[in-house]
Amino acid sequence: GLCRRTHRMKGCAHGQQSVAAAESQPSHQQVDAQQSIASDNQSQDIRITTMGLPVGQRLMILGVVVLAYAVSEMIIGCRMNSVTLVSDGFHNLADAGGFA
């Protein structure tokens, strides 16, 4: 700041030391950039490996579970003559298609 500018103009040794010390420390922009990169890497790791599985694999497992539930609901609904179960089975089938 002002002290560094004043010492630079006067050319005293104290000013040169403070300038050298200030230049050896990273600037706020460098620190912000490093923190931003670190937080991006952390968030990517969390997104990719939540529960130890990649996102695509988790969606595939969930889709298969919903699909199996929908089919079983439709079969049981047909055997019991239940329009409610059959219609809910078709609804869940549409939800399973949303995972694909």
Side-chain angles (χ1 to χ4, degrees):
L2 179 64
C3 178
R4 195 167 46 188
R5 207 174 323 133
T6 306
H7 287 296
R8 218 185 274 167
M9 291 170 145
K10 292 180 182 178
C12 71
H14 178 268
Q16 290 174 354
Q17 289 173 354
S18 65
V19 170
E23 289 174 354
S24 66
Q25 295 177 355
S27 70
H28 291 292
Q29 291 173 342
Q30 291 171 334
V31 171
D32 290 344
Q34 290 170 351
Q35 288 173 347
S36 174
I37 290 170
S39 68
D40 286 346
N41 288 342
Q42 288 173 351
S43 63
Q44 272 185 337
D45 292 344
I46 291 170
R47 264 184 275 138
I48 292 173
T49 60
T50 302
M51 297 184 337
L53 297 172
V55 174
Q57 192 173 3
R58 285 185 294 143
L59 283 174
M60 181 66 82
I61 292 169
L62 186 60
V64 168
V65 169
V66 171
L67 182 64
Y69 182 77
V71 169
S72 65
E73 203 170 25
M74 286 188 285
I75 291 171
I76 292 171
C78 285
R79 288 191 178 175
M80 296 180 67
N81 292 327
S82 172
V83 176
T84 305
L85 281 177
V86 173
S87 65
D88 193 46
F90 279 110
H91 174 229
N92 286 335
L93 186 64
D95 288 344
F99 289 120

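- Residues Glu73 and Asn92 share a closest heavy-atom pair of OE1-ND2, 2.9 Å.
- Ile76 and Phe90 fall into different hydrophobic clusters, where Ile, Leu, Val, Met, Phe, Trp and Tyr are joined by side-chain heavy atoms under 4.5 Å apart, directly or via other members.
- Hydrophobic clustering, with ILVMFWY side chains joined whenever heavy atoms are under 4.5 angstrom apart, keeps Tyr69 apart from Leu85.
- Contact detail for Gly63 and Ala96: the closest heavy-atom pair is O-CB, 4.1 Å.
- Put simply, OG on Ser87 and CG on Leu93 are 12.5 Å apart, with the number rounded to the nearest 0.5 Å.
- The same ILVMFWY cluster, assembled from side-chain heavy atoms under 4.5 Å apart, contains both Val66 and Leu59.
- Contact detail for Gly89 and Ala70: the closest heavy-atom pair is O-CB, 3.4 Å.
- Separating the CD1 atom in Ile61 from the CD atom in Gln57 is a distance of 5.0 Å, to the nearest 0.5 Å.
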